[in-house]
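Contents: one structure, followed by commentary.
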Amino acid sequence: MLPSRHLRAAARQRSHRRPAIAGDACSSKPDVEVIWRNKAITAHMRAGRVPDAERLFDAMPRRSTSTYNAMLAGYAANGRLPLARALFRSIPSPDAFSYNTFLHSLAVSSSLADARALFEEMPVKDSVSYNVMISSHANHGLVSLSRHYFDLAPQKDAVSWNGMLAAYVRNGRIREARNLFDSRTEWDAISWNALMAGYVQWGQMAEALEMFNRMPQRDVVSWNTMVSGYARRGDMVEARRLFDAAPVRDVFTWTAVVSGYAQNGMLEEARRVFDAMPEKNAVSWNAMMAAYVQQRMMEEAKELFDVMPCRDVASWNTMLTGYAQAGMLEEARAIFDMMPQKDAVSWAAMLAAYSQGGFSEETLQLFKEMGRCGEWVNRSAFACVLSTCADIAALECGMQLHGRLIKAGYGVGCFVGNALLAMYFKCGNMEDARKAFEEMEEKDVISWNTMIAGYARHGFGTEALEVFDKMRTTSTKPDAITLVRFFVLERCLFKSIFVSGMLSSVFKYNNVDWVGVLAACSHSGLVEKGISYFYSMHCNFGVTAKPEHYTCMIDLLGRAGRLDEALNLMKDMPFEPDSTMWGALLGASRIHRNSELGRRAAEKVFELEPENAGMYVLLSNIYASYGKWRDADNMRTMMHERGVKKVPGFSWIEVQNKIHTFSVSDSMHPEKEDIYAFLEYLDIRMKKAGYVSATDMVLHDVEEEEKEHMLKYHSEKLAVAYGILKIPPGRPIRVIKNLRVCGDCHTAFKYISAIEGRLVILRDSNRFHHFRDGSCSCGDYW
DNA sequence: TTAGGGTTAG
C-alpha cells in the first residue's frame, strides 16, 4: 500500500519551498510532541507494523527531519525500497542522517550500484557513510570494494575497523582478517569477538579458544560465541561446560544451548533447558519449536506455536518448513496463506516445498505470484524455480531465469549456479552448461559432480574425464558422489582402464572417504577390489572399520551373490549387526531370489526397527514382484495395524538424456488405507489439469488377471507419471509391458510418452535406493 | 533515528 497522501503532500511542500516557521510541516526545532511521535513511528516500524507507522506519519501536524528519517529507516528495515525512495525524495531538507539511512536502504535492497551512485553525489560524507559502504559490500561478497571504501575513508573509527574485520570474516577470508587484526593493537571487545566468531564459523575451534583465553576482557557475547560454537559442532559436553561456567548469561546463551541440544536430537535436554530459561524471546521459542520440527513431531511443534506469546516471521517460517519437510504440503500452504507477513524465507520455503515435492505447476504458479506481490527474488527462490525448470525440461523458462539472475546483479555462486548447471544439462544443453560453469564465481564439489555427471549422462565421456582431471588440480576434494559417478562413467565407457589411476589420485588426499570408495566398488561390481580396499584400509591406512564400512561390505558381497560370505562377515564383526546391515542383506536376498534368507533378514529388521515403514513396503513389494499378492497385502495390513507411517515424498532424478527415473513413495498421503483414495485424488487433479484418466489405457498391455493387483500396487505411479509428464488430453502413455528394469527395482516399468517420446522409468523410493547417481542399488545403471 | 560482534526459520 502506498501512503500516497503524505508523499503527495510532501512533494507539494517541496515544490513551494517556504521558509521554516513555527508550526510549519517541517520545523527545524522539533518539540516534545514530535519527538514522542517519532519514537512511536520507530516502534511501529521495528515491530513490522508499517501501516500503523504510516497512519501516524500522515496524521502528524508537524514533522522534523528525524520524522522522515524514522520512516525511511523503517521502510528499509521492512524491505520497502520503492517507498523509501519516494520518501527520501520528498524530505524537505535531508540531513546527513537521511542520506546515510537511504544509502543503507539501497545497499540492503541489493541495489549496490544505486548505493554507489548516491554515495558519489552525497553533499557530505561522514564516517557512517563510509562504514555503510564497507559493510554492505561485504554482505554481498564484494570484499575488495569494502577494502576500497575502507582505504578511502578519511578518518576511521572503531566501526570502520570492525566493519573491515567483519568483511573479511564473513567472507571466509580469515587469514586477511587475522593480518588486519595483528596490524594494530587498539581493538575492542567487538573486534575480538568478531575474529573469534570467524574461527568458530570456519570450524577452527582451537584458534577460537586460543583467542577466547587471550582476550583482555570477555563480555557475554564472547561466552555466547564459544557456547554456540561448540553446540553447533555437536560438542554438547563442552558447550554445557562453558554455559555452566559463564559468569553472565543472556537469552542468547540459553537459546544457543537449547538449539544445540535440539540440533543434536537431544530433545529432552533441550526441553529441560528451555523450561528453565529465566526469560524467553521469540528466537528461544523458535529454537524449541525447531527441535520438534526436526524430529518430525509436528503436533508438539504446533502446540508450542499456538501458545507462544511472541510470534515472529521465523516462527511462522519454522512451522511452514516443518510441514513442508514432513510432506504435509497442504498444511504448509495453509500456514503460508495465514501468515501476517511473509519474508524472503517464507517464499523460498514454500517454493522449495513445491519444487522438491515435484509439484512443478504449483512452483511456477507461486513464482508468478511472487512477482505480482513485488517480492524480491532471492537466490534461494531462483534455485528452486531453476530446479523445477530442470524437472520439466523447460529450457526457455530456465534461460529467462538465467537472464533475470544476471540482471538482478547476483554473482553466480554455488547455490544458484549448481541449479543452473543441472537445468542446462537436463535440457540437454551442454554448451550453455559449460559456459555457466566457467562463469561461476565459485565452485564446490557439487558443481564439479554436476559437470561430470552431466557430460557422462549425455555420452560425453571424454569431456567428463577432462572435468575430473581439472577438478584434481583444484583444492576441491572429490566426495563419495564423485567417486560413484566416476566409477559409473569408468565402467560404462572405459571398461576399468582408469580405475587404478583414479583411486590413487583419491588416496593422495589425507582423509580418504572409505565409505565412498567401498560404495563405489560395490556399485560398479568391483567385488575383489572392494574386498582388498576393505582390508588395506586397516592394514595400510590404519583406519578401523566402523559399522558403515561393514554395511558397505555386506552390500558389496550380497550384490555379488556371495550371501554366505556376507553372513559370515556379519558374524565376525566386533559389533552386533544393525538394521541397515540386515536391510542390505535383505536387498541382496531379493536380487538373488533367496527367499529363506530374505525372510530371516526381514524378521531381524522388524525386530530391530518395528517402526521402519520402508521395510514393510519393501517386503510387500518383494512379495508382489513374486506374484504373492496375499503376502504382499499382509505386509501392508501389518504396517497399518502397527500404526507405522511412511514419510511421504518423491523426487526426480535425471539419468540420461531424455530418460528420467522417477521415484515415488508408496503412500503420498499419510492416512492411506487403500490406494484408490489416492488414485481418486490424482484423478481429480489430472482431470482438472485437462489430462485423461487412463488407467485402463495405460494397462492395456497387462494381462487381465494381473490387472487388479497391478492397479493396487503400481497405478499410483502411473497416475503420477501422467501428471509429471504433462501428457495432453487424449494422449495415453504407452506401457511397454510389465518390464522389470532390474532385479532390485521390483516395481519399475518403462513408459514411453506418446507425445514426447521420452523414456521414463518408474521405481519405488525406499531406503535401499540410497545412491543419488540414479543407479539402482542392484548395480545396474541407466 | 543510519554503520561493527553472539541465538531461530530457507
Side-chain angles (χ1 to χ4, degrees), chain A residues 35 38-39 41-42 45-46 64-74 76-77 95-105 107-108 126-136 138 157-167 169-170 188-198 200-201 219-229 231-232 250-260 262-263 281-291 293 312-322 324-325 343-353 378-381 383-384 415:
Chain A
I35 294 178
N38 291 351
K39 282 194 174 154
I41 287 181
T42 307
M45 284 299 203
R46 280 203 179 147
S64 64
T65 304
S66 303
T67 315
Y68 288 92
N69 293 345
M71 285 298 290
L72 200 53
D95 58 8
F97 249 89
S98 322
Y99 271 101
N100 286 338
T101 307
F102 185 52
L103 186 68
H104 180 240
S105 332
V108 294
D126 60 11
S127 72
V128 174
S129 325
Y130 283 95
N131 294 344
V132 167
M133 297 305 273
I134 293 169
S135 71
S136 51
D157 57 13
V159 180
S160 326
W161 284 95
N162 286 336
M164 196 57 233
L165 192 65
V169 165
R170 265 204 291 275
D188 58 14
I190 291 182
S191 334
W192 281 84
N193 290 339
L195 190 53
M196 206 167 76
V200 165
Q201 195 188 335
D219 63 7
V220 67
V221 175
S222 326
W223 287 90
N224 292 345
T225 306
M226 293 308 287
V227 169
S228 69
R232 247 179 299 166
D250 63 6
V251 70
F252 285 75
T253 335
W254 286 88
T255 307
V257 174
V258 170
S259 133
Q263 276 161 24
N281 63 12
V283 179
S284 344
W285 283 88
N286 295 346
M288 192 62 227
M289 237 161 58
V293 163
D312 64 3
V313 198
S315 326
W316 289 87
N317 287 339
T318 305
M319 287 306 290
L320 170 57
T321 51
Q325 280 161 11
D343 66 1
V345 176
S346 330
W347 287 94
M350 200 62 233
L351 278 175
N378 63 11
R379 287 181 164 79
S380 170
C384 286
F415 190 43

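By convention in this document, chain letters (A, B, ...) are assigned in the order of the sequence lines, proteins followed by strands, and residues within each chain are numbered from 1.
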Qualifying residues under side-chain contact (heavy atoms from CB on, under 4.5 Å), relative to V221(A), sequence neighbours excluded: N193(A), D219(A), T225(A)
State which residues pass side-chain contact (heavy atoms from CB on, under 4.5 Å) with A73(A); sequence neighbours excluded, sorted by chain then number. T101(A)
Which residues satisfy the side chain to side chain donor-acceptor pair (under 3.5 Å) test with T42(A), sequence neighbours excluded? none
Pairing residues for S135(A) by the side chain to side chain donor-acceptor pair (under 3.5 Å) criterion, not counting sequence neighbours: none
Quick one: side chain to side chain donor-acceptor pair (under 3.5 Å) partners of N281(A), sequence neighbours excluded? S284(A)
What does A96(A) touch in the nucleic acid at a heavy-atom separation under 4.0 angstrom: a base, only the sugar-phosphate, or nothing? nothing
Under a 4.0 Å heavy-atom criterion, DNA chain B is touched by chain A from dT1(B) to dG10(B)
Could you check whether V128(A) gets within reach of a base, just the sugar-phosphate, or nothing at all, counting any heavy atom under 4.0 Å? base
Please classify the nucleic acid contact of A314(A) as base, sugar-phosphate, or nothing, using heavy-atom distances under 4.0 Å. base
